[in-house]
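Everything numeric here is computed off the predicted structure, so don't read it as measured data.
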Amino acid sequence: MARNLRFVDELMDNVENASLLYSKAVQLLVFILFEAPSLILNPPLSLTSSDRYRLRTYIDILKNRLGHSRSQRLALLKSEELRSPP
């Protein structure tokens, strides 16, 4: 559901919110991939190599979308600057 909201935000030109959500998703997945396995949990978090590969793939995809969203945001800001009189 949250993933759909990011795409909706992006499609509806709410680029700033989409970027924020992509960034938070990346942070969460990075935490799960690198930090969470070292936490003392019962039962312990154990990631298979397939899980780690999938997480890395998701992180790469989200970073790509984040970069795209940031580029869109910069383009919107530049177009707004050009429209506003000095």
Spacing of [X] atom [atom1] and [Y] atom [atom2] [to the nearest 0.5 Å]:
| X | Y | atom1 | atom2 | result |
| --- | --- | --- | --- | --- |
| Tyr22 | Arg70 | OH | CZ | 12.5 Å |
| Ile61 | Leu66 | CD1 | CG | 13.5 Å |
| Leu21 | Arg65 | CG | CZ | 13.0 Å |

Please say yes or no: joined through hydrophobic side-chain contacts below 4.5 Å, possibly via intermediate residues, are Tyr53 and Tyr58 part of one cluster?
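Per the 4.5 Å side-chain linkage, Tyr53 and Tyr58 are not co-clustered.
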Transitively linked via ILVMFWY side-chain contacts under 4.5 Å: Leu20 with Val26?
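Different clusters.
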Side-chain donor/acceptor of Ser23 to backbone N/O of Ser19, under 3.5 Å
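Looks like no, no N/O pair under 3.5 Å.
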Which residue pairs pass the salt bridge (charged side-chain N to carboxylate O under 4.0 Å, His left out) test when at least one of the two sits in residues 49-60, sequence neighbours left out?
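For residues 49-60, and leaving out neighbouring residues, the salt bridge (charged side-chain N to carboxylate O under 4.0 Å, His left out) pairs sorted by first residue read Asp51-Arg54.
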Might you point out which heavy atoms bring Leu45 and Ile32 nearest each other, and give the distance in Å?
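Scanning both residues, the minimum pair turns out to be CD2-O, 4.2 Å.
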For Ala25 and Leu62, which heavy atoms make the closest approach, and how far apart are they?
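Looking at all heavy atoms of both residues, the shortest contact is CB-CD1, 3.7 Å.
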Criterion side-chain contact (heavy atoms from CB on, under 4.5 Å) on Leu55 and Phe34, from CA distance to verdict
CA-CA 10 Å; Leu55 286 169; Phe34 296 107; over 6 Å; no
